[in-house]
Asks: 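Sharing a structure, written as structure tokens. Questions coming.
Just so you know, these numbers come straight off a predicted model, no measurement behind them. In what follows, every heavy atom counts, from backbone to side chain, and hydrogens, waters and symmetry copies are set aside.
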Amino acid sequence: MNQFSIVVNRYFSHQKSSYINSNIFKNNCFNLIQRSYLRPSISHASILQHVKELKHLQQVHAYIVTSGLAQNIFLSNRLTNSYASCGLMNDAEQIFHRIPCKNVVSWTILISGYAKNYRFVEAIGVFSEMVASGLLPNDITISSIVPAFGKLGLTQIGKSIHSFWIRRGYGSNVIVETALVGMYSRFGHVGVARKVFDYMPERNDVSWNAIIECYSDHGFGEEGFRLFNLVRREGFTVDCFTIMSLISAASSIDGSRVGEGIHSFASRTGFQNDQLVRTALMNMYVNRNCTDDAYFIFNEMKVKDVVAWTLMLTAFSSGKYWAKALEHFNEMMRVEDLELDSVALMGILKSCSSLGALHQGRGVHALIVKIGFTHDMFVGSSIIDMYANCANLEDARIFFEGMEEKDVACWNAMIAGNGMNGYGNDAIDLFLQMKGLDINPDESTLVCVLCACSHAGMVDKGLDIFSHMVKTWNIVPSSRHYACVVDLLSRAGRLRDAYSLVNSMPFDPDFEVYCALLSACKVHGKIELGIEISNKLFQLEPNDAGYYVLLSNMYALAGNWEGVKMTRVSLRAKGLKKDPGFSSIEINGELYTFMAGQKDHPQYSEVEGLVKFMIERIKEAGYVPDTKSVLQELSDDVKFDILYHHSEKLAIAFGLGRTKQGTIIRITKNLRTCNDCHYASKFISKVFERVLVVKDANRFHVFEGGVCSCKDFW
DNA sequence: GTAGGGTTAG
């Protein structure tokens with residue numbers, strides 16, 4: 001055994017068992033298997049062309065075998081490479097194994113073949129086999145395997161290859177060094193990547209692209225642009241990789257002008273029609289919440305691949321255009337030969353989940369079973385989330401329990417599902433079970449558990465868990481955790497404790513914490529404190545419409561209409577829009593979405609009559625409209641009209657009219673439920689003898705016989 | 001004689 005094989009084998013014997021058992025490895029494997037399945041290197045359009053070539057290749061192959069040329073290592077190596085280039089790794093592997101005296105080139109071909117086909121785990125497997133067989137990798141072998149370490153995040157072995165490379169004294173090699181820059185970039189070790197780059201005696205365009213990409217991809221867009229401008233003056237040739245890096249750099253810099261600038265640069269350099277460049281531009285606009293710009297590029301694309309479709313789906317979902325997302329998904333399903341992958345499936349499950357579209361969600365679940373994605377834990381956790389959010393905790397539980405393997409995300413989804421439905425104790429039980437199974441909770445797990453306590457009104461239990469977290473489990477609370485505890489305390493009316501907790505935090509509270517405190521102020525009518533906190537929030541997140549709305553609502557509660565006007569004006573001046581409220585209801589598999597006071601709704605006249613009838617009936621039972629819920633300065637009559645046409649009431653009235661007595665009415669809304677709708681829903685459940693399940697932005701409310709499961713805390 | 005580095009979604 002040579003020095004190198006000792007290093008590698010030592011690494012593998014020490015690291016293997018723990019690494020193989022780690023989630024990182026499993027997730028990576030999953031990704032790889034998926035990627036290799038979903039991204040066959042042959043696109044549909046070129047399959048025929050490839051078959052022709054393959055036939056050719058097979059003929060040559062047959063000729064080589066029958067004429068006894070297979071012993072020729074050069075020919076066999078070339079043959080292995082040809083099969084590998086077609087993505088036919090099984091054939092490549094077979095030929096490779098029949099080579100009697102494999103040389104470094106034979107091994108390198110197989111390694112790079114796997115790497116090129118995104119099968120990094122196999123590439124590394126072959127590499128370690130090669131090393132174990134006593135052969136030393138050369139510079140080409142190293143440059144082929146180094147990206148695999150980077151892509152799999154194998155920092156230790158990556159670093160040892162690097163030090164091996166230096167120790168062996170091969171001398172400088174621009175390709176190996178560029179690959180190392182790329183590897184450290186993947187590890188997120190920007191400084192090390194820069195060091196390797198700085199020490200390179202020779203650099204080419206690819207090296208410059210690699211370092212520019214490294215900075216751009218890690219949020220240092222400014223440095224990416226700086227390096228680009230530096231090298232540009234020295235005869236550097238811009239290619240599509242450069243463009244991609246600059247798009248990524250632009251994404252990390254605030255301000256739409258940078259993005260537009262790079263978009264026009266892409267056009268000027270003639271790369272705007274490149275599929276990857278277009279996708280990257282779409283991605284940039286999606287990240288900037290410029291859904292329209294993303295949609296424009298999407299529509300202009302002649303060939304829309306699954307990535308483009310998915311990006312657009314994500315754009316609609318993250319922009320909270322839920323109905324548009326569903327429509328987009330249905331369209332996507334009709335595209336022939338579009339192979340859906342886990343990201344696409346997760347996107348659509350998220351849309352179903354947010355809309356409470358159980359019927360569609362079930363359909364997607366069936367599809368997932370059909371195309372064999374049930375073992376994907378990313379998809380699995382989304383299925384759990386979808387059922388739990390569609391008020392179907394039972395199906396979530398059945399799926400969860402049927403999973404052969406569950407990662408922390410699946411547990412989190414299940415815990416959150418119980419929490420949202422008000423089952424605080426069950427959520428805690430799940431959490432304890434999970435700890436018992438030695439599955440490490442992550443930040444979200446504790447957030448889910450604390451939220452569950454909050455939703456169930458289990459204040460002491462939640463505080464108890466928080467103190468265990470710090471003292472027993474050695475978990476350093478994050479600002480999300482603090483935000484949960486603030487919420488927990490404010491729910492118990494302990495606003496003073498919440499405020500002193502925020503002041504005692506070991507780091508500066510972020511917007512999330514202040515936001516929790518602000519909501520608490522609104523609930524408890526602490527206007528002055530609320531305004532003070534709002535000012536802090538505006539400094540932290542000047543562009544979030546949500547806080548302006550909260551502040552405006554607070555002024556309204558205090559009767560300070562001047563304040564309301566001021567806030568609304570500055571909101572408009574900034575060009576910010578608040579999310580329009582909507583409620584949806586699924587009847588016989590059809591999803592109906594209502595927006596407040598929406599007169600152009602196709603079911604408008606039907607709903608109008610139903611609402612009138614519904615309001616009359618609950619008024620007889622004692623319902624008095626809560627005009628305080630209308631946070632604008634208007635006459636009472638107008639306020640009544642606004643209240644009666646809240647999206648939630650429209651959806652409920654429609655549900656009452658369209659479903660049989662005894663059917664549970666399930667509503668999903670994107671915002672938190674307002675006081676008046678909550679109050680009215682209690683009357684509706686009693687007067688019409690119906691169970692109403694309302695999922696708001698935070699949790700479920702089950703109204704039955706005049707009471708709500710949230711016990712009036714939300 | 002055979003082999004190599006830098007792209008896009010949670």
Asks: Which nucleotide, dA3(B), dA9(B), dG1(B), lies nearest any side-chain atom of Asp341(A)?
Replies: dA9(B)
Asks: Does Thr178(A) contact dG5(B) through a side-chain donor or acceptor facing the base, at a distance under 3.5 Å?
Replies: yes
Asks: Distance-only criterion, 3.5 Å: show the donor-acceptor pairs between side-chain atoms of residues 303-311 of chain A and protein atoms not counting sequence neighbours.
Replies:
unit_1	atom_1	unit_2	atom_2	d
Lys304(A)	NZ	Met301(A)	O	3.1
Asp305(A)	OD1	Val307(A)	N	3.3
Asp305(A)	OD1	Ala308(A)	N	2.9
Thr310(A)	OG1	Val306(A)	O	2.6

Asks: Assign Val146(A) to base, sugar-phosphate, or nothing according to its heavy-atom contacts below 4.0 angstrom with the strands shown.
Replies: nothing
Asks: Once hydrogens and angles are ignored, does a donor-acceptor distance under 3.5 Å link the base of dG5(B) to the side chain of Asn204(A)?
Replies: yes
Asks: Can you tell me which nucleotide in dT8(B), dA3(B), dG10(B) comes closest to the side chain of Val307(A)?
Replies: dT8(B)
Asks: Students often get this wrong, so: under 4.0 angstrom with heavy atoms, is Ser76(A) touching a base, only sugar-phosphate, or nothing?
Replies: nothing
Asks: Check for me whether the distance between the ring centres of Phe228(A) and Trp208(A) falls short of 6.0 Å.
Replies: no
Asks: With a 4.0 Å cut-off on heavy atoms, is Val104(A) in touch with a base, just the backbone sugar-phosphate, or nothing at all?
Replies: nothing
Asks: Where the side chain of Met244(A) is defined as all heavy atoms beyond and including C-beta, which of dT7(B), dG4(B), dG5(B) is the nearest nucleotide?
Replies: dT7(B)
Asks: Between Trp107(A) and Phe127(A), is the ring centre distance below 6.0 Å?
Replies: no
Asks: Can the ring centres of Phe298(A) and His328(A) be said to be less than 6.0 Å apart?
Replies: yes
Asks: Which nucleotide, dT7(B), dG4(B), dA9(B), lies nearest any side-chain atom of Val343(A)?
Replies: dA9(B)
Asks: Could you tell me how far apart Leu311(A) (CG) and dA9(B) (C1') are, to the nearest whole angstrom?
Replies: 6 Å
Asks: For dA3(B) and Asn81(A) - does any side-chain N or O of the residue sit under 4.0 Å from the phosphate oxygens OP1/OP2?
Replies: yes
Asks: Hey, are Lys324(A) and Glu327(A) close enough for a salt bridge, meaning a charged N less than 4.0 Å from a carboxylate O?
Replies: yes
Asks: Return the residues of residues 271-283 of chain A meeting this criterion: a heavy atom under 4.0 Å from some atom of DNA chain B. Order them by number, or give none.
Replies: Leu276(A), Thr279(A), Asn283(A)
Asks: Side chain of Ser143(A), base of dG4(B): donor and acceptor closer than 3.5 Å?
Replies: yes
Asks: Nearest whole Å is fine: how far is dG6(B) C1' from Phe236(A) CZ?
Replies: 10 Å
Asks: Report, one line per pair, each donor and acceptor closer than 3.5 Å where one atom sits in a side chain of residues 234-243 of chain A; sequence neighbours left out.
Replies:
unit_1	atom_1	unit_2	atom_2	d
Thr237(A)	OG1	Asp205(A)	OD2	3.4
Asp239(A)	OD1	Asn209(A)	ND2	3.2
Asp239(A)	OD1	Phe241(A)	N	3.0
Asp239(A)	OD1	Thr242(A)	N	3.0
Asp239(A)	OD1	Thr242(A)	OG1	3.0
Thr242(A)	OG1	Asn209(A)	OD1	2.8
Thr242(A)	OG1	Asn209(A)	ND2	3.4
Thr242(A)	OG1	Asp239(A)	N	3.1
Thr242(A)	OG1	Asp239(A)	O	3.4

Asks: Give the rounded distance in Å between these two atoms: CZ of Phe228(A) and P of dG6(B).
Replies: 21 Å
Asks: Looking across every strand, which nucleic acid part, if any, lies under 4.0 Å from Asp139(A) by heavy atom: base, sugar-phosphate, or nothing?
Replies: base
Asks: Tell me if the aromatic rings of His218(A) and Phe220(A) count as close, with their centers under 6.0 Å from one another.
Replies: no
Asks: With a non-hydrogen cut-off below 4.0 angstrom, is Arg186(A) in contact with a base, only sugar-phosphate, or nothing?
Replies: sugar-phosphate
Asks: Could you check how far CZ of Phe120(A) sits from P of dG5(B), rounded to whole Å?
Replies: 11 Å
Asks: Quickly work out the Asn209(A) CG to dT8(B) P distance and round it to whole Å.
Replies: 13 Å
Asks: Given atom CG of Leu340(A) and atom C1' of dA9(B), what is their separation to the nearest angstrom?
Replies: 13 Å
Asks: Can a salt bridge be assigned to the pair Asp198(A) and Arg194(A) using a cut-off of 4.0 Å between side-chain N and carboxylate O?
Replies: yes
Asks: OP1 or OP2 of dG4(B) less than 4.0 angstrom from a side-chain nitrogen or oxygen of Lys116(A), does that happen here?
Replies: yes
